[in-house]
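A quick write-up on the structure given underneath.
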Amino acid sequence: MAERDRELVSAIDELDDGSFLSLCFGPSVSIRTWLLNNAERFQIRPSLLFTVFLGFTKDPYPYVRIAALDGLVGLGNNVFEDGGMIEGCYYRAIELLNDMEDCVRSAAVRVVITWGLMLAAHSPERKRYLSDEIFINLCSMTRDMSMKVRVNAFDAIKKLEIVSEDILLQSVSKKVLGIFKGKKPLVQCSTEQLEMLALDVAGAFVHGVEDEFYQVRKSACDALYNLPILSTKFAGEALNLLMDVLNDDSVSVRLQALETLHHMAMSKCLKLQEAHMHMFLGALSDSNGHVRSALRKLLKLVKLPDLETFQLSFNGLLKSLESYAQDESGVLSVLFHMGQNHVNMAASIIQGVFKQIDPTSEGELGFDSVKVTAYIVLAISAPVLDDHTLRIPSRLFSYAVTLLGKISHALGDIMDQSTFFAYLLENCKNIGSSDLVLNPEGSPCSPTPGGSINDILVSLRTTAMINEQQHKHDDTIESIKTVLSKVQDIWPLIQSGFLHQVLRTLRFCKEALGTFTHGSDTSSGALAFTLQYLKIIKLVAKVWNLMSAKLNCLRKIGEWELLLGKLERGLKELRSRFIGFSKEEELHILELMLVTYTLRLYNGEVWCHLMTLRKLSIIASDIEHLLKEGSFEPSTFVFEAQKALSSLGTVTPKASYNLFDFRKLLQSFTLNHLEFSGKLKHIKAELFILDNDYEKPLHFVPGLPVGIPCQIILHNVLSERKLWVRISMDGMTSQFVFLDFPVFGGCDEVREFTYVVPFYRTPKASSFIARICIGLECCFESAEVSKRHGHGGPRRDLAYICKEKEVYLSMINKG
């Protein structure tokens with residue numbers, strides 16, 4: 001009540017210890033749970049809270065135990081001097097690692113790591129023993145039946161700072177190594193118990209990176225973040241595990257493995273060997289641009305053991321560049337860093353290929369080739385950290401001047417163009433052009449002072465990357481465009497009936513987008529649009545597969561209607577819920593709607609043909625209007641559909657129905673590439689039912705209206721759009737209430753207000769659940785062909801812009 005009534009805030013804040021305890025021990029489970037979850041809002045002594053939380057970890061209701069455990073995690077920020085309290089809490093959490101409820105075990109894991117670390121800090125003389133014990137207990141949870149528990153266990157392991165080497169080695173080996181031999185004084189257990197502990201630890205990380213759920217595999221890779229620093233042997237075994245993970249199906253797992261490897265390189269505990277290079281360099285050819293970028297970032301740091309692995313890395317970068325021309329700047333930047341870190345190796349390679357790349361020596365390679373550019377960047381990097389100028393022919397620095405724009409763009413993260421040009425002039429002893437300087441376009445023209453190598457080194461280390469947020473946005477949009485290009489590539493698979501491969505590819509695309517967090521409104525809208533678009537392509541693939549599937553007739557018709565209904569609703573939402581479409585994007589969506597209605601005609605009942613033909617005609621008319629506006633050429637399918645519609649004319653539905661004609665028309669459809677602008681805003685709403693749950697229902701009198709108090713937040717809903725609140729009671733009947741949202745003020749970007757929605761159809765029942773959501777009227781549709789919602793309701797179909805919420809209602813008791 002206090003959360004909704006401001007006048008009660010001071011009263012709830014002044015709740016004393018006695019009142020708090022009285023309410024906690026009252027009969028209501030929901031009140032007890034709420035109080036434990038919100039205990040930090042009250043001025044309750046930490047010692048009293050500790051006692052309450054610890055006591056309720058034995059409550060018979062699992063949600064109370066979870067709230068108590070979460071409360072103990074929150075108390076971990078306080079300083080407790082009593083070691084007995086800390087130890088009691090820690091061992092109570094270990095007991096709950098065996099709880100019957102998954103969510104309780106998950107919460108117990110968080111308490112074990114929080115209070116276990118507190119206990120270790122409180123007892124420095126037992127810190128190593130306690131850290132080992134925590135590690136063993138957490139490892140035992142990495143094979144829990146619950147995926148969430150396994151994830152939390154690995155997340156907790158990452159927080160450990162000390163673990164004994166032999167225990168760490170056991171965690172990356174499925175074979176029991178006898179790690180507790182001679183440790184009986186440290187771990188007070190019998191021999192049989194010691195063997196069981198060893199089994200708990202055995203292969204924990206191996207099982208983690210092989211888990212069926214990508215969330216667990218990702219968390220296991222993350223848990224390896226700091227541990228390799230503790231042991232050279234363990235670092236080697238962890239490296240072997242992470243190399244295998246670089247071939248994982250999930251993009252997010254591969255990225256996490258590379259991030260962990262990067263941290264190992266930063267900590268000087270990454271020792272690559274020739275045996276690792278095949279898997280390691282394979283990531284340079286990964287289909288995901290972020291994976292390739294992460295591997296290149298790692299190559300800038302890693303120390304390669306010999307010339308052979310250096311040459312393999314160089315060849316891998318060139319191969320990647322041949323497949324992904326858009327990575328040129330990133331590859332050249334890596335080569336420059338590699339040359340700095342391996343001066344002798346770089347100089348050795350350049351000496352071996354100089355005659356091939358030198359135009360004056362009639363080299364075998366064209367001077368403007370990508371390979372020659374790569375060699376030149378490698379050559380000019382060598383003198384930066386060591387005086388190897390005499391070993392690198394100075395002509396190569398003069399050749400680099402001719403590639404100034406391309407190379408300086410690649411090195412923009414470490415030096416600007418003027419600094420780079422000064423560096424080239426410093427080393428160009430024989431070009432006879434010391435009077436050159438950069439003009440605004442980046443070409444040499446007039447005198448400039450040459451900076452010293454020391455000055456250049458300072459610039460290399462101090463120049464920061466600018467516009468970081470813009471780069472993140474650009475990366476998001478670029479990745480979305482890459483995903484959309486992959487979607488176009490799966491159309492031949494859809495036509496050939498390889499549904500499993502299509503769905504697998506779409507799932508990977510969705511995972512790739514899951515690596516991004518929603519940033520600006522534009523990138524957030526672009527991500528939401530792309531995810532919805534992937535769902536639509538998935539439905540198209542299933543419908544297409546159903547056309548040729550040999551299924552029972554009734555089953556086929558049922559699935560057909562279900563999928564087409566979802567596809568039609570999805571496309572209407574796509575068209576209605578986003579602002580800022582380019583003409584190309586709108587044309588692409590309209591063509592998908594055109595093929596959807598054609599599919600409905602292909603296998604639909606004759607009675608629905610007339611309505612579908614009307615919708616088809618409206619979409620075809622919209623497409624024709626867009627084609628004229630943008631001077632676009634219609635696709636083959638659009639052309640054939642327009643021709644079919646004109647030939648049908650006013651023919652009766654029965655005469656117009658021709659299975660062969662529609663099948664032939666569908667065969668002309670090809671999924672074209674979506675030219676994505678990335679400038680979209682997402683129309684959405686947030687709906688909250690105030691002060692209502694299953695224990696606090698709204699009261700009503702049957703047959704009389706009841707008001708449902710709602711808090712509503714609208715995003716990017718323009719004032720001219722029409723919103724309706726839909727209330728349904730049994731899934732069959734619905735009531736619609738027009739929402740005149742402009743009267744509540746605010747701007748089109750964000751509007752927030754409270755509104756009491758009237759519900760008139762209260763039934764003769766003691767209690768019931770109504771479902772409520774907000775729909776946006778599809779303004780592009782004709783009211784004549786839309787589904788009517790009854791008198792007083794919307795005249796057009798609705799695109800729902802928020803999740804449906806449940807409202808609990810109970811009849812007023814006359815007694």
Side-chain angles (χ1 to χ4, degrees), residues 484 525 529 532-533 535-537 539-540 543 564-602 604 608-650 656 662 665-666 668-677 679-683 716-718 720-722 775-788 794-799 801:
L484 292 175
F529 170 84
Q532 176 72 2
Y533 181 76
K535 290 180 183 177
I536 286 169
I537 300 303
L539 290 169
V540 170
V543 172
L564 280 178
K566 288 182 178 180
L567 182 56
E568 186 176 351
R569 287 193 299 273
L571 284 165
K572 286 179 180 178
E573 284 190 11
L574 201 67
R575 196 177 177 192
S576 299
R577 295 192 60 186
F578 296 91
I579 301 173
F581 285 122
S582 66
K583 287 183 172 60
E584 292 88 346
E585 291 165 344
E586 191 169 0
L587 191 61
H588 187 89
I589 296 170
L590 286 172
E591 187 167 347
L592 285 173
M593 296 184 79
L594 195 68
V595 78
T596 300
Y597 292 128
T598 306
L599 284 164
R600 192 176 284 282
L601 287 171
Y602 166 71
C608 73
H609 271 35
L610 193 58
M611 183 66 71
T612 306
L613 279 171
R614 288 179 181 175
K615 291 182 178 181
L616 200 68
S617 299
I618 292 171
I619 297 299
S621 177
D622 290 343
I623 291 176
E624 187 176 0
H625 179 69
L626 271 177
L627 289 172
K628 289 179 181 178
E629 273 191 353
S631 301
F632 302 121
E633 289 294 325
S635 67
T636 304
F637 171 71
V638 170
F639 177 78
E640 293 295 334
Q642 290 174 332
K643 188 167 68 172
L645 282 169
S646 61
S647 65
L648 286 173
T650 57
S656 69
F662 285 116
L665 177 59
L666 288 168
S668 67
F669 174 72
T670 299
L671 184 65
N672 296 316
H673 175 59
L674 174 58
E675 294 293 338
F676 188 60
S677 66
K679 299 178 180 178
L680 297 177
K681 290 185 177 181
H682 190 199
I683 297 175
N716 301 312
V717 183
L718 303 179
E720 58 268 21
R721 300 301 296 270
K722 292 183 179 180
L776 180 73
E777 199 167 317
C778 299
C779 58
F780 55 82
E781 285 201 331
S782 169
E784 296 177 2
V785 298
S786 292
K787 180 172 62 179
R788 301 301 292 268
R795 300 181 61 193
R796 298 175 176 84
D797 282 347
L798 298 178
I801 60 175

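Keep in mind that this is a model prediction, so the values were computed, not measured. Along the sequence shown, the residues carry numbers beginning at 1.
- One finds the CG atom of L599 at 11.5 Å from the CG atom of L539 (value rounded to the nearest 0.5 Å).
- A heavy-atom distance below 4.5 Å is found between the side chains of H682 and F578.
- Listed by chain and residue number, F529 satisfy the ring-ring contact (aromatic ring centres under 6.0 Å, His included) test with F581 (two or more places apart in sequence, or in another chain).
- Taking OG1 of T598 as the start and CG of L616 as the end, the distance is 4.5 Å to the nearest 0.5 Å.
- For the pair E777 and P794, the tightest heavy-atom approach, listed with the atom from each and the gap, is OE1-CB, 3.8 Å.
- L592 places a side-chain heavy atom less than 4.5 Å from the side chain of L671.
- Distance check, rounded to the nearest 0.5 Å: CD1 of I618 to CG of L613 gives 11.5 Å.
- For the residue pair R600 and G565, the shortest heavy atom distance occurs at NH2-N, 3.7 Å.
- Residues E586 and I623 are not in side-chain contact: their nearest non-hydrogen atoms beyond the backbone lie 4.5 Å or more apart.
- Across every non-hydrogen atom of P634 and F639, the tightest pair is CB-N, 4.4 Å.
- Heavy-atom minimum distance, L626 versus K583: CD2-CG, 4.0 Å.
- No donor-acceptor distance shorter than 3.5 angstrom exists from the side chain of S621 to the backbone of S617, with no hydrogens or angles considered.
- I579 and N716 get closest at one heavy-atom pair: CD1-O, 3.1 Å.
- Between the CD atom in E584 and the CD1 atom in I589 there is a gap of 12.0 Å [rounded to 0.5 Å].
- Closest non-hydrogen pair, E585 versus E675, comes out as CG-O, 3.4 Å.
- In this structure, I683 CD1 and L776 CG are separated by 5.5 Å, a value rounded to the nearest 0.5 Å.
- Summarising the local packing, NE2 of H673 is surrounded by more than 12 heavy atoms from other residues, nucleotides or ligands at distances under 6.0 Å.
- Heavy-atom neighbours of E720 CD from other residues, nucleotides or ligands within 6.0 Å: above the threshold of 12.
- With no hydrogens or angles considered, a side-chain donor-acceptor pair links E591 and S635 at under 3.5 Å.
- Taking CD1 of I536 as the reference point, atom NZ of K566 lies at 13.0 Å (rounded to 0.5 Å).
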Quiz item: How far apart are the C-alpha atoms of N672 and F637, what are their side-chain angles, what is the distance that settles it, and do they pass the side chain to side chain contact (heavy atoms under 4.5 Å, CB included) test?
Solution: CA-CA 11 Å; N672 296 316; F637 171 71; over 6 Å; no

Quiz prompt | Evaluation steps, side chain to side chain contact (heavy atoms under 4.5 Å, CB included), between E568 and Y597 | solution = CA-CA 8 Å; E568 186 176 351; Y597 292 128; 3.1 Å; yes

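- Just one of K615, R575, K628 meets the salt bridge (charged side-chain N to carboxylate O under 4.0 Å, His left out) condition when paired with D622; it is R575.
- Taking 4.5 Å as the limit, every side-chain heavy atom of T636 sits out of range of all side-chain heavy atoms of T670.
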